[in-house]
Amino acid sequence: MSQEVHPLTAYLRANFVQRKLKDITGGRYGDFTDAQLANIVGQLHKLAEHIHDEKLTDALSSRMGLSKSLKQLPRDQISWWTVDMSSLVTVLWLGDLPHEITHGTLADIVSLVRNPDNRSVAPYFYDKVHRLSKLPFILELPSLVVAPSYSQRSARKNHCSGPGNTGAACTVNRLEEGEAYIEDGNHRAVAQLLAGQTDSITVIRYDMKANQPNSADAENHVA
């Protein structure tokens, strides 16, 4: 998405497109050809461009803790940001990634999926992000990151997930922090780094103010 667009507007449009795409496809991208998906997304982009930001906030998930703050359109706290992937951490709660990977940085996750020999470690996640990396329209949807990372990251320390979505209790004490965490678009960020074969990524950064509630307040956050 063009950086000539205000980053808050860009995020709201990207969120709208992504949520509507999931509604239309049921999240089963494998049932559609690349051309069909591109056509759907193209129509959604055109629709989003004609909707005011205030109305686009209606598409924000009630399960995302930042939604209440974003509905106030805090333009002065949001900016475009190009950053090295080692400075970001994720909130990948579910999936077949081992805890020692999800508790690392975005660089740890990308390093894993860049090596085809690692597919057996997390086949579901590996296949998903490689599929996304081949869909140009996905690469145009920017991720939203929040600084500082500890505003949400510490809530993940004892979460339950694990290989095969077993719900296994976390036994990994290591919990890396970064300059910011990815609030929305975790899978897209990995896919974009895979497609670009680069270690830096342009995201939309939201700088949390000290008196604002953080996304850890959401009871059922889904990355």
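Quick caveat, the model's predicted, so the values are computed rather than measured.
The shortest distance between side-chain heavy atoms of T9 and R75 falls below 4.5 Å. Annotation: side chain of Q18 is in contact with side chain of I138 (closest heavy-atom distance under 4.5 Å). Between L66 and Y206, the closest side-chain pair of non-hydrogen atoms falls below 4.5 Å. N15 has its side chain out of reach of L70: every pair of non-hydrogen atoms, C-beta onward, lies at least 4.5 Å apart. Residues H6 and Y11 fail the side-chain proximity criterion, which asks for heavy atoms closer than 4.5 Å. Using a 4.5 Å heavy-atom threshold, the side chains of P123 and D96 count as touching. By the 4.5 Å heavy-atom criterion applied to side chains, L21 and L37 are counted as neighbours. Taking 4.5 Å as the limit, every side-chain heavy atom of Y126 sits out of range of all side-chain heavy atoms of V190.
Residues I24 and F32 share a closest heavy-atom pair of O-CZ, 4.4 Å. For the pair L193 and T198, the tightest heavy-atom approach, listed with the atom from each and the gap, is CD2-O, 3.3 Å. For the pair M64 and D184, the tightest heavy-atom approach, listed with the atom from each and the gap, is SD-CB, 4.5 Å. Across all non-hydrogen atoms, the minimal contact from S143 to I182 is CB-CG2, 4.3 Å. Among all heavy-atom pairs drawn from K71 and T57, the shortest one is NZ-O, 2.9 Å. The nearest pair of heavy atoms linking H45 to V17 is ND1-CG2, 3.8 Å.
Within the 3.5 Å criterion, the main-chain N or O of T90 finds no donor-acceptor partner in the side chain of N186. Judged purely by atom type and a 3.5 angstrom limit, S133 uses its side chain to pair as donor or acceptor with the backbone of H130.
E179 has a carboxylate O that lies under 4.0 Å from a charged side-chain N of R205, or vice versa, which qualifies the two as a salt bridge.
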Steps toward side chain to side chain contact (heavy atoms under 4.5 Å, CB included) verdict (I51, L12): CA-CA 10 Å; I51 302 176; L12 292 174; over 6 Å; no
Test log, rule side chain to side chain contact (heavy atoms under 4.5 Å, CB included), inputs L135 and D34: CA-CA 7 Å; L135 299 176; D34 290 1; 3.3 Å; yes
